[in-house]
Structures are given as C-alpha cells and as structure tokens.
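Here the structure is laid out as structure tokens; the discussion comes afterwards.
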Amino acid sequence: GVCMEENTDVCDDGEEMIENGTIYTCEYGGWGPGEPVPDGTACDDDNSDTEYDVYINGICVGTPVNHAPVIDHLGFAGEFVTNETDYVCLDFNIYDEDGDNIDGIADWVINGVLAESLPIDECFNLESYQDDIEVGDELSVIVTVWDGEYEVTATITTMIEEEPE
C-alpha cells in the first residue's frame, strides 16, 4: 500500500531535498546543482545518545546526552544489623552509562536523626552509637551519587535486631 516513484529524478518545482549535507531544489522538474545545507539547520543524526542535532559544515551532528548515574543495587552488607554490630557497610552497584566519574555520599540516619555523612564506600561505625540505639530502632541510609551534572538518590532502611545467641 505504499506508492513509490520509479524515477526519483522527477520532482515538483520548489520542492527541496537534503542528501549528504547538500540541499537540492527542484527546478523545471529536475533537481538543481545543490548547495551546502546552512549551518544550524535542524537534522536527525539517528543517534539516541545525542540531542539538538544540527548541520555543521554539511555534517549532521548532535550534542552528546549525559545520562544520569544509576543505582542498580543498594543494600546493607551482611545478613542483618543487630544491637551488637560494630560496623555497617553498604553493598551496591552504581554505574554511569557515559563512563563519567561518579562521586557519592551516604547519610546514616538513626530513628530519623542524621548520625553521620560518609563517602559511600566507607562503613558506618555503629558501635559509636551503641548507647543511643535499642533493638527495634530504625537505621536508614540515604545514598546520593552524582556525575557532575545529574544527582540520584536512594534510601534503604532496616530495623536493629536482637543479636542471636
């Protein structure tokens, strides 16, 4: 159900066609000699990782898209956190599709109160707060990572459990 012209050399006067960075205008039923597409003319470079595609010197180019970092997995290392746990570490998988450098911070929170902010790869010294915590208290960590342009946050929470005997 698609009509295809057999002769692409035939055109309607005033019709324009862009091919290989050159713009052709139809004159007297045929394509004229063509001239370079003006810089800044919108185009599509068929690359999903670019945006704002325009012609520059007859070539369609786009501005690379910076993807936000991804927190693919975030958890507490080990099985559980107890009233006898000394250090709590994070188990995570964080990446940036563009390969940008990622930096991050972990805000450790006990019962809704910020206890300490640490780099994401540094373990939290829960032993320092043993006098302030009890079985059933809530331990959360808010992880924030960034790549220089985008920032992403994730939160995980656990309850302080009784140390098994």
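- Going from atom CG of D131 over to atom CD of E134 covers 11.0 Å, rounded to the nearest 0.5 Å.
- If you check the side chains of H73 and D91, you find a donor sitting under 3.5 Å from an acceptor.
- Residues forming a ring-ring contact (aromatic ring centres under 6.0 Å, His included) with W108 (at least two apart in sequence, or on another chain): F124.
- Cluster partners of V65, using a side-chain heavy-atom cutoff of under 4.5 Å among ILVMFWY residues and allowing indirect links: none.
- The side-chain contact (heavy atoms from CB on, under 4.5 Å) check on D44 picks up D46, D53, with sequence neighbours excluded.
- Taking Ile, Leu, Val, Met, Phe, Trp and Tyr as hydrophobic and joining them when side-chain heavy atoms fall under 4.5 Å apart, one finds I105 in a cluster with W146.
- Applying the disulfide (SG to SG under 2.5 Å) test to residues at least two apart or on different chains, the pairs with a partner in residues 95-165 are C89-C123.
- Under a 3.5 Å cut-off, the side chain of D98 and the backbone N or O of D100 do not form any donor-acceptor pair.
- Y24 is not listed as a side-chain neighbour of E16, based on a closest heavy-atom distance of 4.5 Å or more.
- Evaluation of the side-chain hydrogen bond (donor to acceptor under 3.5 Å, both in side chains) test over residues 55-65, restricted to residues two or more places apart or in two chains, returns none.
- With values rounded to the nearest 0.5 angstrom, E97 atom CD is found 4.0 Å from H67 atom NE2.
- When every heavy atom of I160 is checked against every heavy atom of T82, the shortest pair comes out as CG2-C, 3.7 Å.
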Can you list the steps and then say if N83 with E162 is a side chain to side chain contact (heavy atoms under 4.5 Å, CB included)? CA-CA 6 Å; N83 58 334; E162 180 81 36; 3.9 Å; yes
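- The side-chain contact (heavy atoms from CB on, under 4.5 Å) test applied to E127 returns D86, N125, Q130, not counting sequence neighbours.
- The nearest pair of heavy atoms linking F76 to V88 is CD2-CG1, 3.5 Å.
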Please assess L74 against L90 for the test side chain to side chain contact (heavy atoms under 4.5 Å, CB included), listing each intermediate value before the final yes or no. CA-CA 7 Å; L74 179 62; L90 293 175; 4.3 Å; yes
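- Not one N or O on the side chain of T85 forms a donor-acceptor pair closer than 3.5 Å with the backbone of Y87.
- Sequence neighbours left out, not one pair with a member in residues 133-165 passes disulfide (SG to SG under 2.5 Å).
- Contact annotation: the side chain of I133 approaches that of I110 to within less than 4.5 Å [non-hydrogen atoms, C-beta and beyond].
- The neighbour count for D72 CG, taken as heavy atoms of other residues, nucleotides or ligands under 6.0 Å away, is above 12.
- Within the 4.5 Å cutoff, the side chain of N111 has no heavy atoms near those of the D132 side chain.
- At distances below 3.5 Å, at least one donor-acceptor pair connects side-chain atoms of E15 with backbone N or O atoms of D12.
- For P38, the side-chain contact (heavy atoms from CB on, under 4.5 Å) partners two or more places apart in sequence, or in a different chain, are T41.
- By the neighbour-count criterion of 12 heavy atoms within 6.0 Å, atom CD of E35 is sparsely surrounded, having that number or fewer from other residues, nucleotides or ligands.
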Run the side-chain donor-acceptor check on residues 148-158: report pairs under 3.5 Å with partners two or more places apart or on a different chain.
unit_1: E149; atom_1: OE1; unit_2: N66; atom_2: ND2; d: 2.8
unit_1: T153; atom_1: OG1; unit_2: T144; atom_2: OG1; d: 3.4
unit_1: T157; atom_1: OG1; unit_2: S140; atom_2: OG; d: 2.9

If you apply the rule side chain to side chain contact (heavy atoms under 4.5 Å, CB included), what do you find for V61 with D45, and how did you get there? CA-CA 6 Å; V61 293; D45 66 1; 5.7 Å; no
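- The closest side-chain heavy-atom distance from F92 to V143 is not below 4.5 Å.
- Between the side chain of D13 and the main chain of Y28, a donor-acceptor pair closer than 3.5 Å is present.
- Side chain of D147 to backbone of I102: no donor-acceptor contact under 3.5 angstrom is found.
- Using a 4.5 Å heavy-atom cutoff, the side chains of I71 and V145 are in contact.
- V109 belongs to a hydrophobic cluster whose other members, connected by ILVMFWY side-chain contacts under 4.5 Å either directly or through intermediates, are L114, I142.
- Here disulfide (SG to SG under 2.5 Å) pairs that include residues 19-53, with residues two or more places apart or in two chains, are C11-C26, C43-C60.
- Residues V135 and M159 are not in side-chain contact: their nearest non-hydrogen atoms beyond the backbone lie 4.5 Å or more apart.
- Between the Y129 side chain and the A115 main chain, a donor and an acceptor come within less than 3.5 Å of each other.
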